[in-house]
Amino acid sequence: PGHCRPVPEPGHRRCDGRGKPGATGSLVADQPRPRCGDTAVSTATMRAYPALGFDPAPGATDRVGALAVDLESVATELGGARHALMSIGRSSGIWQGDAAEAFRNKLDELPDYLDKANRSLGDAARTFDQWSADLTSMQATAARYEAEAAQTLQRLHAAEADPALALAGQTFPDDASLARAKARYDAAAAELDLASKELDAIRELAQRLLSQHGNLVTEAAAALRRAK
């Protein structure tokens, strides 16, 4: 399919886009003509990454960064509250009677609770801060891959539209004309094949980035569980 085989007129040569001369002066294919890779993408990622076809680094860095700041702020406040309670506990003569005794009995537990909460929230804040930095870096890489893929996709479309590919199946009056047609066709097919392979390679890099993204999500989730 895709190769036209007209019956040549007497004394004419035929180019069927197949790469090398046959016994009758036709061009015999080394391999099928390269075709454009699948460019179908989901509607969820098309707006941001139409050339890659998917989002290699999903996530909202601004929200993650804001959450890290909020958690760190709460951790700092809890640390300040613990310090204040410890200071009150070391003071004398503030309270008298049973109420003061009850407060002193509970005071040893509450600072520990506040200290654990302070450390847990601090660890969570650092986890989100690191994730925000990692995500920012990965999204910058994803944007670069998208730009490269878009440029290569333009090359691929241009290669597909090369008129030299239409020389397949045409007839020519002599060997010299056939040779020129073969050279033009081979060059056009080679460019098409090269652009297709380069696009595939860029998309493969983006797939690896998506895998890295998934691994870092798993690591961040584990860190948050440890921070409890």
Side-chain angles (χ1 to χ4, degrees), residues 1-59 135-215:
H3 294 295
C4 180
R5 298 170 178 266
V7 178
E9 299 176 8
H12 285 60
R13 296 293 183 264
R14 183 176 70 242
C15 172
D16 64 4
R18 296 188 166 203
K20 56 188 178 182
T24 62
S26 64
L27 298 180
V28 180
D30 292 322
Q31 59 183 7
R33 181 190 302 177
R35 299 179 63 87
C36 174
D38 182 15
T39 59
V41 298
S42 69
T43 56
T45 59
M46 177 176 279
R47 293 180 181 176
Y49 300 93
L52 290 176
F54 62 95
D55 186 348
L135 186 58
T136 298
S137 176
M138 287 187 292
Q139 288 184 345
T141 301
R144 178 165 56 84
Y145 288 161
E146 171 63 19
E148 293 175 357
Q151 184 176 15
T152 305
L153 192 58
Q154 288 181 350
R155 280 182 53 204
L156 185 60
H157 289 161
E160 288 178 316
D162 192 330
L165 296 177
L167 293 172
Q170 294 187 20
T171 56
F172 300 89
D174 51 54
D175 288 340
S177 298
L178 177 63
R180 288 193 296 271
K182 175 184 178 301
R184 289 181 59 197
Y185 177 88
D186 288 348
E191 169 61 14
L192 180 58
D193 184 56
L194 180 61
S196 180
K197 288 179 178 178
E198 288 183 359
L199 182 60
D200 288 343
I202 295 169
R203 287 174 172 169
E204 176 62 26
L205 289 175
Q207 286 285 359
R208 293 180 185 177
L209 181 63
L210 182 60
S211 296
Q212 179 188 1
H213 176 278
N215 292 336

Nearest heavy atoms of T152 and E198, plus distance in Å = CG2-CB, 3.9 Å

Counterpart residues, side-chain hydrogen bond (donor to acceptor under 3.5 Å, both in side chains), relative to R180 (two or more places apart) | S177

Please tell me if the side chains of R155 and L199 come closer than 4.5 Å, counting only heavy atoms from C-beta onward.
-> no

Heavy-atom closest pair, residues S196 and L156 | N-CD1, 3.7 Å

Separation of K182 NZ from F172 CZ (nearest 0.5 Å) = 12.5 Å

Selection residues 189-208 - residue pairs positive for ring-ring contact (aromatic ring centres under 6.0 Å, His included), sequence neighbours left out | none

Grab the two heavy atoms, one from A149 and one from L52, that are nearest each other, plus how far apart they are.
-> CB-CD2, 3.8 Å

Take atom CD of Q151 as the centre, draw a 6.0 Å sphere, and report whether it contains more than 12 heavy atoms from other residues, nucleotides or ligands.
-> no

If you measure from CD on E204 to CD on Q207, what distance do you get to the nearest 0.5 Å?
-> 6.5 Å

Just how far is it from atom CD of Q139 to atom NE2 of H213, taken to the nearest 0.5 Å?
-> 7.5 Å

CG-CG distance between L210 and N215, expressed to the nearest 0.5 angstrom | 10.0 Å

Under a 4.5 Å cut-off applied to non-hydrogen side-chain atoms, are R184 and L167 in contact?
-> yes

Does the R203 side chain pair with the main chain of A51, one donor and one acceptor, at a distance under 3.5 Å?
-> yes

Heavy-atom nearest pair, F54 first then Y49, reads O-CB, 3.2 Å

How about E146 and P50: do any of their side-chain heavy atoms sit closer than 4.5 Å?
-> yes

Nearest heavy-atom approach of A164 to Y185 is O-CD1, 3.6 Å

About how many Å separate CG of L192 and NZ of K197, when rounded to the nearest 0.5 Å?
-> 11.0 Å

Closest approach of L135 and A57, non-hydrogen atoms and distance?
-> CD1-O, 3.8 Å

Decide yes or no for Q212 and L209: does some side-chain heavy atom of the first lie under 4.5 Å from some side-chain heavy atom of the second?
-> yes

